[in-house]
Amino acid sequence: DRVTLYGLNSAEWLVGYHAIAKLGAVINPINVMLTPEEVVFVTGDCEASAILIGPEKLEAFLDVARDTPVRQVVALGSAKRGGVHVFETLLRKASDAFDVHDVAPDGVATIGFVVTAMFLPLMFYAQAVCGLSPTRSALLTAPMAIATNASKPYKKRPVAPFITSS
């Protein structure tokens, strides 16, 4: 399963992130600046079955939720509404047991972490220290992505940096 995280930075967001990992689901954090229509596209594109959503985005999402594959909505904070699970309630019911799941080193979660951990600081450095625009700093990493794809064996070469072919 894939679970989308859509809310402002908060303690609940962080706990939710780790809870999704504990479930063994794919974590799909999205930018809070997205419009409801963009959220419909993103959740549909990644086929998210659930969304953990901040109270500031809940009403707008529920207006368009029927156009998404999302089957479960979990409200971060204490927003109570019909058909919406409250994060605090689920947290109180949670178990302390933790099953460790095997993670494939070439899996999408690992690739996403590596891309963020390596390229994002590089882009910030390029903007802050080198004075590059956001576009130019992002383009700075393009040759690395192309070289990475070219260096993989042909059969396992990804179609895009975040999608692997089977």
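Computation of the quantities below employed the complete heavy-atom set of this structure, encompassing side-chain atoms and omitting hydrogens, waters and symmetry-equivalent molecules.
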Item to complete: Measure the OG1-NZ distance between Thr89 and Lys93 for me, rounded to the nearest 0.5 Å.
Response: 6.5 Å

Discussion item. Can a donor-acceptor pair be found, under 3.5 Å and without considering hydrogens, that links the side chain of Arg2 to the backbone of Cys46?
Written reply: yes

Worksheet item: Below 4.5 Å, heavy atoms only, C-beta onward: do Leu90 and Val74 meet side chain to side chain?
Response: yes

Worksheet item: Would a 4.5 Å heavy-atom cut-off, applied to side chains only, mark Leu23 and Asp1 as touching?
Response: no

Discussion item. Would you say that Ser133 contacts Thr135 through its side chain, given a criterion of any heavy-atom pair below 4.5 Å between the two side chains?
Written reply: yes

Fill in: Nearest non-hydrogen partners of Ala75 and Leu58, listed with the distance
CB-CD2, 4.1 Å

Worksheet item: Linking I/L/V/M/F/W/Y whenever their side-chain heavy atoms sit closer than 4.5 Å, directly or via other members, would Val84 and Leu76 fall into one cluster?
Response: no

Practice prompt. Could you check Ile51 against Thr68 for side chain to side chain contact (heavy atoms under 4.5 Å, CB included), going step by step and ending with a plain yes or no?
Written response: CA-CA 10 Å; Ile51 187 167; Thr68 72; over 6 Å; no

Worksheet item: How far does CG of Leu5 sit from CD of Glu12, to the nearest 0.5 angstrom?
Response: 11.5 Å

Worksheet item: Considering only heavy atoms from C-beta outward, does the side chain of Phe87 approach that of Leu52 to under 4.5 Å?
Response: yes

Worksheet item: So how far is it from Leu132 CG to Tyr125 OH, rounded to the nearest 0.5 Å?
Response: 10.5 Å

Discussion item. Side-chain heavy atoms nearer than 4.5 Å, only ILVMFWY residues, links allowed to pass through others: does that put Val3 and Val15 together?
Written reply: yes

Show me the donor-acceptor pairs within less than 3.5 Å that the side chains of residues 25-42 make with the rest of the protein, sequence neighbours left out.
| unit_1 | atom_1 | unit_2 | atom_2 | d |
| --- | --- | --- | --- | --- |
| Asn28 | ND2 | Thr4 | OG1 | 3.0 |
| Asn31 | OD1 | Met33 | N | 2.7 |
| Thr35 | OG1 | Glu38 | N | 3.2 |
| Thr35 | OG1 | Glu38 | OE1 | 3.3 |
| Glu38 | OE1 | Thr35 | N | 2.7 |

Response to the item:
Hits for side chain to side chain donor-acceptor pair (under 3.5 Å) against Glu88, two or more places apart or cross-chain, chain-then-number order -> none

Practice prompt. Decide yes or no for Met123 and Leu140: does some side-chain heavy atom of the first lie under 4.5 Å from some side-chain heavy atom of the second?
Written response: no

Worksheet entry | Shortest non-hydrogen separation from Gly7 to Glu56 and the atoms involved | CA-OE2, 3.5 Å

